[in-house]
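Reading through the structure tokens given below for one structure.
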Amino acid sequence: MIFYSTKTASLKASLEEAIFNSLPPDNGLYMPESIPKISDEFLANIENRSFKEIAGEVTDTLLGGEITRSEIESIIERAYDFEAPVVKITPNDYVLELFHGPSMAFKDFGARFMAAIMSHFLKQSNKEIKILVATSGDTGGAVAQGFYKVPGISVTILYPSGKVSDIQEKQLTTLGHNVTAIEVNGTFDDCQRLVKEAFLDPELSAKYNLASANSINIARLIPQSFYYFAAYAQLKKLGKPVVFSVPSGNFGNLSAGVLAFRMGLPVEHFIAATNLNNAVPRYLESGNYEPAPSLETISNAMDVGSPSNFVRLQRFFNDDWKSVTEKVSGYFFNDEQTQKAMREVFGNANYVMCPHTAVAYRGLQEYRKTHEGDFTGVFLSTAHPAKFIDLVEDTLGKNIEIPERLKSLLNIEKESIKMDSDFNAFKSLLMNDLK
Ligand SMILES: *Cc1c(COP(=O)(O)O)cnc(C)c1O
């Protein structure tokens, strides 16, 4: 598969270049030059396939020109020791649980695949890679887990001090080995700025092969399409069209759903559900795209004012607003509406949702008000509710159980390097190998 830059169509890259560069040199985003279709025969029998078989087939269809089937199978085997089950919530609505991976958020699907495919390519060269990643919470945990002890790769995570949940912080700061956490006295935007500056610094680039693990990397986008196929496989026997509601921030998740659709997955419609950071729902309504500074909400992993994958979402529809709106509807909700949805689903179905999941649930209900057709609704659950335990317990007025995987973290001492939001301090840490 050949990739091109959204800013300069003639700027091309191989899969390996697209993965290790993350961004094209003109600061566009990498997009597949053409999108191959999944085979009809595979779709006809998809209900009999496991998650790993589906992931293998989708990867082979997209990347088979560059990696052999058996290499793909070993990448998938290594990445996925967890599943993406659907659970019935109302007679027609199902939740797609994407939190069964090591960090208990959907970002594990992207991070684990990215780590496995990077180490596949590294086996063929002798490059040492340093991954830099800024996180507002869930990305750092997934990337840390994904790359933990992967030979030839070290990971440096920057996070804003005091602005991630206790559990999220423990996920970043307790692994050690090849994972280093830097606690920045500043905001998430400061962390992101430091990472961007590092990529532009000639001395750092001379010393390391720097790579990015944020959601603009094509190696995170591709694997996020797997679970749309897997959800369809589980629901196919109901014989109804499927509508996906996606809780969105940077719009990597939704873009991956659209990729699956463009590959031939039968999807009736997508719902882009956001909190008050609503640039995309407003664009869908009016045709005008006006990114804004981000607002703080209780679904904080979606507090993104200027979504980095918006350009990709548009490009999948040939930059034609009308085509986007035929396939994607947008809704946004405030914190009060989000909490009300959490209580409603807990009351009616005894099901506990994180606030991001609640936004997606609410989006589906809103869509149903104006679309009475007979369809199966699927809302994506992007994180386990225990990752946001204080908010969830306050909202539901009830104690919830913390899974063992998260509970055990709370007793491990955190290890981080404290740093002011200052590029020279960051650079000197990196130049001195952090020690
Ligand atoms: C990252 C994240 C999102 C947003 O996903 P995007 O791909 O950025 O749109 C939603 N929910 C949770 C829990 C997340 O961690």
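Position 1 is the first residue of the sequence; numbering continues from there. These numbers were taken from a predicted model, which means no experiment stands behind them. As the structure lists them, so they are numbered: ligands from 1, and atoms in each ligand from 1.
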query = So, for Tyr367 and Phe375, is the gap between ring centers shorter than 6.0 Å?
reply = yes
query = Are the ring centres of Phe379 and Tyr361 closer than 6.0 Å?
reply = yes
ask   = Are the aromatic ring centres of His384 and Phe99 under 6.0 angstrom apart?
value = yes
note = When distances are taken from atom 5 (O) of ligand 1, the protein heavy atom at minimum range is Phe106 CZ, 3.4 Å
ask   = ligand 1 versus Lys107, non-hydrogen atoms closer than 4.0 Å: side chain, backbone, both, neither?
value = side chain
query = Is the NZ or CZ atom of Arg193 positioned over Phe423's six-membered ring, under 6.0 angstrom from the centre and within 45° of the axis?
reply = no
query = Of all the heavy atoms in Pro247, does at least one lie under 4.0 Å from an atom in ligand 1?
reply = yes
task = Only heavy atoms count here, so choose which of Asn250, Val246, Val280, Asp138 is nearest to atom 6 (P) of ligand 1.
result = Asn250
message = Heavy atom to atom 7 (O) of ligand 1, shortest distance: which of Thr135, Asn253, Thr139, Asn214 holds it?
response = Asn253
ask   = Which part of Met302 is near ligand 1, with near meaning a heavy atom under 4.0 Å away: side chain, backbone, both or neither?
value = side chain
ask   = Hey, do the aromatic rings of Tyr80 and Phe51 have their centres closer than 6.0 Å?
value = yes
query = Can the ring centres of Phe316 and Phe261 be said to be less than 6.0 Å apart?
reply = no
inquiry  = Which of the numbered atoms in ligand 1 are under 4.0 angstrom from any heavy atom belonging to Gly252?
reply    = 6 (P), 7 (O), 9 (O)
remark   = Under 4.0 Å from one or more heavy atoms of Ala383, ligand 1 contributes atoms 13 (C)
key: Residue and atom name of the nearest protein heavy atom (relative to atom 11 (N) of ligand 1), distance in Å to one decimal   = Thr382 OG1, 2.8 Å
request  = Would you mind checking which non-hydrogen protein atom is closest to atom 4 (C) of ligand 1, with the distance to 0.1 Å?
outcome  = Gly249 N, 3.6 Å
request  = Please indicate whether any nitrogen or oxygen in Phe251 is less than 3.5 Å from any nitrogen or oxygen in ligand 1.
outcome  = yes
Val95: which of Thr90, Thr357, Val345, Leu380 passes side-chain contact (heavy atoms from CB on, under 4.5 Å) = Thr357
query = Could you go step by step and tell me if Ser416 and Tyr159 meet the side chain to side chain contact (heavy atoms under 4.5 Å, CB included) rule?
reply = CA-CA 10 Å; Ser416 67; Tyr159 72 98; 3.8 Å; yes
